[in-house]
Protein chains: 2
Amino acid sequence: MAHKTTLKAIAEHLNLSISTVSKALADSPEISDATKLVVKTAARQLKYRPNAMARGLKSSRTKTIGVVIPNIMHNFFAKVIMGMEDEATKNGYSLVTCISNESLQKEKQSINMLSDVSVDAIIISLSSETQQTEELEHLNDILYFDIPLVQFDRVNEKLLSHSVVINDFKGAYDSTMHLHKTGCRHIALLSILTNTSVGKKRAEGYEAAVRELGYEPKIINTKLENLEADLSAFLKDNDLDGIVTTDESSAIYAMNALRINNRRVPDDVGVIGFTDGALARNYFPPLTTIKQQAEIIGKRTIQIAIESLEAKTKKDPIQETIETELVIRKSTRTI
Amino acid sequence: MAHKTTLKAIAEHLNLSISTVSKALADSPEISDATKLVVKTAARQLKYRPNAMARGLKSSRTKTIGVVIPNIMHNFFAKVIMGMEDEATKNGYSLVTCISNESLQKEKQSINMLSDVSVDAIIISLSSETQQTEELEHLNDILYFDIPLVQFDRVNEKLLSHSVVINDFKGAYDSTMHLHKTGCRHIALLSILTNTSVGKKRAEGYEAAVRELGYEPKIINTKLENLEADLSAFLKDNDLDGIVTTDESSAIYAMNALRINNRRVPDDVGVIGFTDGALARNYFPPLTTIKQQAEIIGKRTIQIAIESLEAKTKKDPIQETIETELVIRKSTRTI
DNA sequence: CTGAAAGCGCTAACAG
DNA sequence: CTGTTAGCGCTTTCAG
């Protein structure tokens, strides 16, 4: 098989020393323009590409950033990754992405592996298991070694790291208020995100709005599998003309359940979701939803990671909140 | 800041030589059980983790596999990645994933970067630009250096690499035949995948079925943005009672367009899609679709990559075809 | 059974 | 301006 050309190979080819070649390619002022030219053309001809491992071993900088997400099937995370990829590439970094699949153990493994390959920084959105157990040792290890850590979306505030989250409280608050404006007076929260930080924040936002409006919160905690049954049961015993959900899928499931129970959307019940994905846009009726600005989160997350790893001195954690946007479509009445 | 513990650190800690420590941790028979024990406990205490770069530099094996996909927002690719991640982890490999965003240039960059970090194998699904231009030099370079290459889904047969694809021809053929069985006699193909290998294969399957049934194929080539307009125009001039689409989104868009044109699904027009994602399952009516077995593709793809890179001798390219499955839901009439 | 030494490909002092 | 040398952390002969 052919083998990759190394500095040594070009050096021998040109009867120069390895270090001269290295410096020439790095455009060092120590080297004459003449030899630079010779070296560079030779390098191009021989298709020289520097070995990132060797370079990394020397400089302990790898120009890679590790990312751990709980789940890739979720539209939100896919979009975040897009935003990250884009921003990372622009800055000459590449991403190595791991999926924890909501499991603490897999998350630990991923963190270990990222640490093994010496990524320059780590970005993470916590698995639901991690959020429940609050076991954070693996992440504290990262901080201990001064590897920049930035959490996003599902974060734990006990961890002294950078973070970027959306304003979940305000998103849910705004949703509730919007339903109220369209005439809803019996608004419930339908949540399948009971275990995560974002789920809790959204519940708080909903509660605050409802209390401000002067009535009692009604929260249905369920799972996607049981949603239809639980919502149907709820409908038997309660007045309901508005639903705030914690995510896109449960909004869709809720609308399907409402249809089965002969409630029309939005005439009988208004529905608002979180995450502005393909489902929300293309369902019938199209879903009014809270847009999470996923690409922007991805972008900021990378920017903070790079800033942090390139900083000479360690700075205080940056906590950033990205504002959401209410996208009004047809699952809520017009005002 | 703290620094990671190295072999040297444990060696000094225990007054042993670096090589002894290395061998002890590798369970070499040269080392006595007593010292092995001492070394291993020390390693655990000091949280030793081998530096993957140093190891890779020495062994030229990194236990990482590079993956390039055109797009991550598409449910199919997200699922494939899940399947890959899972299988890779099981075998002690990790993935570094790049997104070409359908751009040839980005694809080249990704390939270069993967080659720089010395991944042990590369898995790719071609960008649409690559499929159009058929520029394959960057991929031939990979083969030239004997790095195992496995293409999936969107492949180019001129490239002498392993590949795993679904039976696109049969999927489209079966779809068409199924529509026929439910009574459709004017079946069109609605394609937004004109430029890709899979789009062509699916068109061929549709054409074969239609010819077998004794009438002329009607193919609407369009883009997602123009789909509604193009389909509406088509409806004016043509009889139509069945649509085979090349993907999930266009099936949904088609159903929305049909609704606007006052055609009921499935009573007036039957619709079948490709890709069995959340949209297909949760739309109203739920979409009859061709399931692509994405996780299986991901899994096989990794297996072939690992087999290939661990083989002592180079073997002939493996070409694998995964069969699809027709999932019958409510967007087609019952037989 | 343990240790010394070479070398993977690269960078960067330091000499010349 | 160019070359020699050391060393990043690890594996692996080869000596002891």
Side-chain angles (χ1 to χ4, degrees), chain A residues 1-40 42-43 46-64 112-113 115-120 145, chain B residues 1-40 42-43 46-64 112-113 115-120 145:
Chain A
M1 83 152 186
H3 56 297
K4 296 208 198 174
T5 70
T6 64
L7 282 188
K8 193 175 164 195
I10 4 196
E12 280 168 3
H13 183 73
L14 297 175
N15 268 324
L16 286 170
S17 78
I18 295 178
S19 59
T20 305
V21 176
S22 171
K23 285 174 196 159
L25 289 174
D27 252 330
S28 156
E30 292 181 18
I31 304 293
S32 74
D33 288 348
T35 43
K36 271 184 195 171
L37 189 67
V38 185
V39 170
K40 283 183 183 173
L46 301 173
K47 296 199 185 191
Y48 170 73
R49 305 229 91 224
N51 179 319
M53 280 189 307
R55 185 176 277 177
L57 189 54
K58 185 92 252 237
S59 66
S60 60
R61 288 273 311 273
T62 55
K63 286 265 178 181
T64 59
N112 273 339
M113 170 259 158
S115 153
D116 290 352
V117 302
S118 310
V119 290
D120 292 342
F145 288 124
Chain B
M1 80 152 186
H3 54 301
K4 295 207 200 174
T5 70
T6 64
L7 281 188
K8 193 175 163 192
I10 4 193
E12 280 168 3
H13 183 71
L14 297 176
N15 268 326
L16 286 170
S17 77
I18 295 179
S19 54
T20 305
V21 175
S22 171
K23 285 174 198 162
L25 289 174
D27 251 329
S28 157
E30 292 182 21
I31 304 293
S32 73
D33 288 348
T35 43
K36 271 185 196 170
L37 188 68
V38 184
V39 169
K40 283 182 183 174
L46 300 172
K47 296 198 187 194
Y48 171 72
R49 304 228 91 224
N51 180 320
M53 281 188 307
R55 184 176 277 177
L57 190 53
K58 187 89 251 232
S59 65
S60 59
R61 288 273 312 273
T62 55
K63 286 265 179 180
T64 60
N112 274 338
M113 170 260 158
S115 152
D116 290 352
V117 302
S118 310
V119 291
D120 292 341
F145 288 124

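Letters A, B, ... are given to chains in the order of the sequence lines, protein chains preceding strands, and every chain is numbered from 1.
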Which of the following nucleotides, [options], is nearest to the side chain of [X]?
| X | options | value |
| --- | --- | --- |
| A:E30 | D:dC10, C:dC14, C:dC10 | C:dC14 |
| A:K23 | C:dT11, C:dA13, C:dG9 | C:dA13 |
| B:N51 | C:dG3, D:dC10, D:dG3 | D:dC10 |
| A:T6 | C:dC10, D:dC10, C:dG3 | C:dC10 |
| B:I18 | D:dT11, C:dT11, C:dA12 | D:dT11 |
| B:T35 | D:dT12, C:dT2, D:dA6 | C:dT2 |

Does [X] place a side-chain N or O at less than 4.0 Å from the phosphate oxygens OP1/OP2 of [N]?
| X | N | answer |
| --- | --- | --- |
| A:S17 | D:dG3 | yes |
| A:S59 | C:dT11 | no |
| B:S32 | C:dT2 | yes |
| B:R55 | D:dT11 | yes |

Side chains of B:T35 and B:L14: does their closest heavy-atom pair fall under 4.5 Å? no
When the distance from [atom1] of [X] to [atom2] of [N] is rounded to whole Å, what number comes out?
| X | N | atom1 | atom2 | answer |
| --- | --- | --- | --- | --- |
| A:M53 | C:dG7 | CE | P | 19 Å |
| B:N15 | C:dT2 | CG | C1' | 13 Å |
| B:L57 | D:dT12 | CG | P | 13 Å |
| A:Y48 | C:dT11 | OH | C1' | 10 Å |
| B:R61 | D:dT12 | CZ | P | 12 Å |
| B:D33 | C:dT2 | CG | C1' | 15 Å |
| A:L37 | D:dC1 | CG | P | 15 Å |
| B:E12 | C:dG3 | CD | P | 13 Å |

With sequence neighbours excluded, residues passing salt bridge (charged side-chain N to carboxylate O under 4.0 Å, His left out) with B:K40: B:D27
What is the minimum heavy-atom distance between [X] and [Y], and which atoms define it?
| X | Y | value |
| --- | --- | --- |
| B:E30 | B:K23 | OE1-NZ, 3.2 Å |
| B:L25 | B:A43 | CD2-CB, 3.9 Å |
| B:K4 | A:D116 | NZ-N, 4.5 Å |
| A:V117 | A:T62 | O-CG2, 4.1 Å |
| A:S118 | B:M53 | OG-CE, 3.5 Å |
| B:Y48 | B:T6 | CE1-C, 3.8 Å |

Take B:K58 and B:K36, find for each the nucleotide of DNA chain C with the closest heavy atom, and name the residue whose nucleotide sits nearer the 5' end. B:K36
Please compare B:L16 and B:A54 by the position of their nearest nucleotide in DNA chain C and report the one closer to 5'. B:L16
Using five pairs at each end of the helix from C:dC1-D:dG16 to C:dG16-D:dC1 to define an axis, what is the angle between those two axes, to 10°? 50°
Looking for any heavy atom pair under 4.0 Å, which part of the strands does A:S19 touch: base, sugar-phosphate only, or nothing? base
